[in-house]
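Here's the structure, in structure tokens; my notes come after.
Predicted, not measured: the structure shown is a model, and the values here were computed from it. Just the heavy atoms: all of them, side chains too, but no hydrogens, waters or symmetry mates, feed the values below. A note on names: the letters A, B, ... follow the listed sequences, proteins ahead of strands, and every chain is numbered from 1.
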There are 2 protein chains.
Amino acid sequence: MPSRKTKSIGPPPPVRAVFPLPFTTVDLVIFTVLDDALQVLLTKRPDGTGEPFPNQWALPGGYVDVDTDKDLLACARRKLKEKTGVLSPYLEQLGSWGSAARDPRGWSATHVYFALMPARDVNLVKGGNAADVAWFTVLEDVRQMHLAFDHDAILESAVERLRSKVEYTSLPAFLLGEPFTLPQLQRVYEVVLGRALDKSSFRTRMLDAGFLKESDFIEGHSNRPAMGYRVVDRKAAVVFPRTFKSREGE
Amino acid sequence: MPSRKTKSIGPPPPVRAVFPLPFTTVDLVIFTVLDDALQVLLTKRPDGTGEPFPNQWALPGGYVDVDTDKDLLACARRKLKEKTGVLSPYLEQLGSWGSAARDPRGWSATHVYFALMPARDVNLVKGGNAADVAWFTVLEDVRQMHLAFDHDAILESAVERLRSKVEYTSLPAFLLGEPFTLPQLQRVYEVVLGRALDKSSFRTRMLDAGFLKESDFIEGHSNRPAMGYRVVDRKAAVVFPRTFKSREGE
DNA sequence: TTAATAGTGTCTATGAGACAGTATCAA
DNA sequence: TTGATACTGTCTCATAGACACTATTAA
């Protein structure tokens with residue numbers, strides 16, 4: 001009979017329960033917009049180690065380490081830093097997937113987080129357990145691959161969540177490095193949504209929502225310079241009261 | 001990170017990994033609307049069994065059973081049926097909570113689902129591991145309690161999710177038994193949102209959204225009979241293009 | 001001056017909110 | 001006939017979408 005509220009110091013017992021436990025992992029869906037396309041970060045599964053799905057591409061992730069990870073979010077942050085070097089991007093829980101069949105090693109459950117980050121902030125970290133790390137476009141590259149485990153389904157769910165939230169939140173701002181211009185932001189919205197938006201209504205919506213502050217920085221990569229903006233609160237997205245196209249079928 | 005063993009055919013080994021695994025549980029946040037109030041189903045933790053939080057109220061849930069549960073959803077359905085007898089209510093994943101501290105027995109992660117059901121469908125099942133099961137109003141009863149584990153935080157998150165979705169989806173329809181009338185449905189919206197809605201705009205919104213079919217059944221519990229409706233698709237909610245009160249701070 | 005991109009103004013349509021009015025029932 | 005509830009119509013206002021317009025730069 002375990003006593004309350006005491007975390008044991010020292011080495012954990014070899015067996016933690018008298019019944020079998022599922023494996024517990026954390027996986028990450030890391031998005032960016034690069035070359036006018038939505039891209040996702042994947043890592044290659046190692047070869048020759050006896051691990052399942054050798055040489056196949058997979059979402060970055062791995063086992064929860066009971067000794068170092070305080071909680072699931074801390075575990076996600078740790079893995080994020082290991083792969084990208086980025087410390088505090090926009091990070092949100094997507095959900096969890098668990099079943100007897102998804103991993104040949106046995107019953108496993110994964111807690112999935114999705115992250116948004118500017119491509120230029122990322123410093124791809126190669127080596128380690130994963131042989132390789134790279135960006136893949138969601139619409140082209142990944143369509144022609146089969147990811148390891150149930151990661152195809154997880155990615156699909158992440159893209160769906162991202163798309164639907166982009167319809168009524170300021171999420172895309174986290175995909176851009178600061179400061180950014182309104183036309184740049186609009187392009188990101190259009191890339192994720194896969195359709196064009198009206199310039200005028202886009203500007204009013206963004207500026208009225210009050211989540212942007214002028215960076216009093218002008219930035220022109222070609223002709224007339226545009227106003228630069230920064231996000232007021234880098235931690236949370238703003239929710240708009242309407243979706244983008246209220247008229248007719250989404 | 002230690003290497004993992006491959007799954008063997010035959011009886012499962014007593015130890016499934018050479019590194020410690022977190023406990024894996026599934027918890028349920030079961031909502032209904034009863035007596036013009038949003039209510040949640042809680043179970044009382046057992047006493048004298050050495051389990052943590054004896055006699056405290058908690059969300060129904062428990063360990064994933066690797067041998068009987070095919071996946072997390074199946075596990076959630078099993079527990080749902082055990083407590084309420086209801087087989088297929090509206091069921092959606094809320095998220096997962098995991099940390100070293102939430103359960104005194106050790107690192108644990110719980111996968112939380114939330115369910116919506118008509119109160120009249122529920123047959124409270126007492127006994128078993130949980131001594132007691134009952135409905136509690138979210139706004140009054142639960143405010144004065146302290147739930148076991150981190151269930152206060154989980155419930156708060158579930159209520160928040162429910163409220164925000166009620167602003168722009170047809171979710172409340174799943175809290176009512178069929179057929180129901182539009183005034184009944186409006187009352188449910190108002191109870192969950194905690195504010196009154198305009199009758200006229202409510203009716204147009206609901207009927208235009210096309211998720212209701214006339215039950216050609218008239219139901220009058222007092223005066224002029226109202227049209228009865230049923231939900232077209234009992235599995236999914238409809239998303240409205242706008243929130244209820246677009247003008248000013250929600 | 002031209003090309004290119006940034007940004008604004010003007011019109012229309014939609015639909016929510018407000019609220020008054022009508023319809024249909026029980027007693 | 002009265003009261004209660006179901007339901008409809010009418011007005012206003014906010015704002016998204018469409019699209020033409022002006023502004024500011026580089027070459």
Side chain to side chain contact (heavy atoms under 4.5 Å, CB included) between A:T32 and A:L38, intermediate numbers included: CA-CA 6 Å; A:T32 198; A:L38 180 66; over 6 Å; no

A:E214 CD to C:dA6 C1', straight-line distance once rounded to whole Å: 14 Å

Base D:dA4 to side chain B:R224, donor-acceptor N/O within 3.5 Å cut-off: no

Nearest listed nucleotide, side chain of B:S200, among C:dA4, C:dA6, D:dG9: D:dG9

Test of ring centre spacing under 6.0 Å for A:F202 and A:Y189: yes

Nearest-angstrom distance from the residue atom CD of A:Q184 to P of C:dT5: 13 Å

Atom-pair distance (OH on B:Y229; C1' on D:dC7), nearest Å: 10 Å

Whole-Å gap separating C1' (C:dT8) and CZ (A:F202): 16 Å

B:P225 side-chain proximity, nearest of C:dG7, C:dC25, C:dC19: C:dC25

Which residues share a ring pair (Phe, Tyr, Trp, His ring centres under 6.0 Å) with B:F136, sequence neighbours left out: B:W57

Sugar-phosphate only, base, or nothing, as touched by B:T204 at under 4.0 Å among non-hydrogen atoms: nothing

Pairing residues for A:E160 by the side-chain hydrogen bond (donor to acceptor under 3.5 Å, both in side chains) criterion, not counting sequence neighbours: none

Nearest to side-chain heavy atoms of A:N223, which nucleotide of D:dA6, C:dA16, D:dT25: D:dT25

Nucleotide nearest A:R205 when distance is taken to its side chain, options D:dA6, D:dT10, D:dA16: D:dA16

Whole angstrom value for the distance that separates C1' of C:dT8 from CD of A:Q186: 14 Å

Nearest-nucleotide comparison on DNA chain C, the residue closer to the 5′ end among B:D198 and B:D208: B:D208

Distance-only polar pair, side chains of A:E140 and A:Q144, donor-acceptor under 3.5 Å: no

Candidate nucleotides D:dC7, C:dT24, C:dT8, ranked by approach to the side chain of B:R203 - the nearest: D:dC7

Atom pair distance, as rounded to whole Å: NZ in A:K199 and P in C:dT5: 10 Å

B:L197 CG - D:dC7 C1' separation (whole Å): 17 Å

Distance in angstrom units between B:R242 CZ and D:dA14 C1', rounded: 8 Å

